[in-house]
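What you see is a predicted model, and the numbers here were worked out from it, not measured in a lab. First the proteins, then the strands, lettered A, B, ... as listed; each starts at 1.
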Protein chains: 2
Amino acid sequence: MPDQPSKLRARRRAETQRTVQAHAVRLFTEHGYDATTVVDVAEAAGMSPMTVYRHFPTKEDLVLVDEYGALVAERIAAQPAAQPPIRRIGNALVDSAATLTGRDRGQGPSASEEFLLARLRLMISTQALRARHLDNHYVLQQAIVDALGCDTTDPDTVFRAQVAASACLAAMHTALVRWVEDDGRTELSAVIAKALAAAFGEAAVDSVGTGPYA
Amino acid sequence: MPDQPSKLRARRRAETQRTVQAHAVRLFTEHGYDATTVVDVAEAAGMSPMTVYRHFPTKEDLVLVDEYGALVAERIAAQPAAQPPIRRIGNALVDSAATLTGRDRGQGPSASEEFLLARLRLMISTQALRARHLDNHYVLQQAIVDALGCDTTDPDTVFRAQVAASACLAAMHTALVRWVEDDGRTELSAVIAKALAAAFGEAAVDSVGTGPYA
DNA sequence: ACCCCGATGTTAGTTACTACCAATCTGGTA
DNA sequence: TACCAGATTGGTAGTAACTAACATCGGGGT
């Protein structure tokens, strides 16, 4: 059963990855992304540069790991197909953000949220990271269009879905920037909902401020 | 008068830049962006690699020169401020595209348009170029928000403007991709107008299909 | 005619990343 | 327990995108 290689291997692997990433983000934040070399990260994590490259194909990936994409695509497919695309995408984005940051009743950012914030700060302020982050949206856009499962024989429908997806993601990204500028004090899902409403009108999200709280 | 250094210098400079860029885009298209080195480009253009770097700070800039940004920002400011931001931005995007491709009555793509198409094809298919191109949108977004000249003391207004700008640019980018997939046979400004209408409703653009033709 | 500055070239160095091979360590199995 | 297979790690060498510092050359304006 090579499908499940003992799981212990996988756990150790995931653990070292987290370790390396934590050191990387810390060093990047302290001394700047460009001023920090991969060798520096390797030394801090106590391993050879080669090993770092084995876990993260590029230096940028040390910051960019994306757990959000799969979540969104999954939720899109789960939405009723009757609603307009923008609404479906918007709901999926808001829900996914709520799940990801999953914060209980207005307390401050948790530890994992602080890490997310640190990563986002880097992604926004560093050109190379910002560029690749936006390119990830490009991939996510395709995933969303696929998940919408619209009639692929009609090129016009596909086009509209692509436009909806890219516009929603752009609005979400702006919300993300805003959230980071506010140091995560507000609630991410609410900021996203506000952004979507600003772009597409109130009809874009089920209802602003709903969700697990309300 | 060092402000206007004889103009002849500037013209020669611009000319060599065009030469280098033409060779670069040709080589990139023929052999692939990643498979072509800057040294290859320099040899093709008949100069040393250093000179190439003097004219284009990075390899990516050989493809990415952006003449669009200034055009858009300028047209935004020229629009009546009474209209909603999305409409103002949408009109500016459509008008700028029409100016840029400036084609007379449905003939095929001109020579300069072929060049634009080649560059866009590279920007879309090559990851590094795609990423930096999207990052340029990020800069353009700021320029648009500034050009809108909204009340900067109210953070909410600024946020809405940012959302509007990023969403419009995303829709325009999708239109761009579509246009390239169609090998520029349709009219770029019309595709952009269609994308904006799909995202924000018919109210987004003054009227689809208007402009210098209609 | 002269001088000055901008454009070009050369060299040497840094850094991200890759290919290849060797060593080692782990986890399950006979 | 002893062992095998495969996963993980490490080292070396190489490529390619840049950067810095310095020399050179040629054209333009005074």
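We find that NZ of B/K59 is positioned 8 Å from P of D/dC18, with the value rounded to whole Å. If you take CG of A/D34 and P of C/dT14, they are 18 Å apart, rounded to a whole angstrom. If you take CD of B/Q127 and C1' of C/dC17, they are 14 Å apart, rounded to a whole angstrom.
Nearest-nucleotide mapping onto DNA chain C: of A/T36 and A/R54, the residue sitting toward the 5' end is A/T36.
Applying the salt bridge (charged side-chain N to carboxylate O under 4.0 Å, His left out) test between A/R119 and each of A/E67, A/E113, A/E60, A/E114 identifies A/E67 as the sole match.
Residues of residues 38-53 of chain A that place a heavy atom closer than 4.0 Å to DNA chain C, in numerical order, are A/V38, A/M50, A/Y53. Heavy-atom distances under 4.0 Å link DNA chain C to B/R13 of residues 11-33 of chain B, given in residue order.
Side-chain contact, A/S125 with A/R130: no donor N or O sits under 3.5 Å from an acceptor N or O. Looking at A/T99 and A/R75, their side chains do bring a donor and an acceptor atom within 3.5 Å of each other.
For B/R178 and B/D182, the salt-bridge test fails: no basic side-chain N is under 4.0 Å from an acidic carboxylate O. The pair A/D61-A/R132 counts as a salt bridge, with a side-chain nitrogen and a carboxylate oxygen less than 4.0 angstrom apart.
Classification of the B/H133-B/H173 ring pair by plane angle, with boundaries at 30° and 60°, yields tilted.
Cation-pi geometry between B/K59 and B/Y33 is met: under 6.0 angstrom from the ring centre, within 45 degrees of the axis.
In this model, the phosphate group of C/dA7 is not approached by any side-chain N or O of B/H55 to a distance below 4.0 Å at OP1 or OP2.
Under a 3.5 Å cut-off, the side chain of A/D66 and the backbone N or O of A/Y68 do form a donor-acceptor pair.
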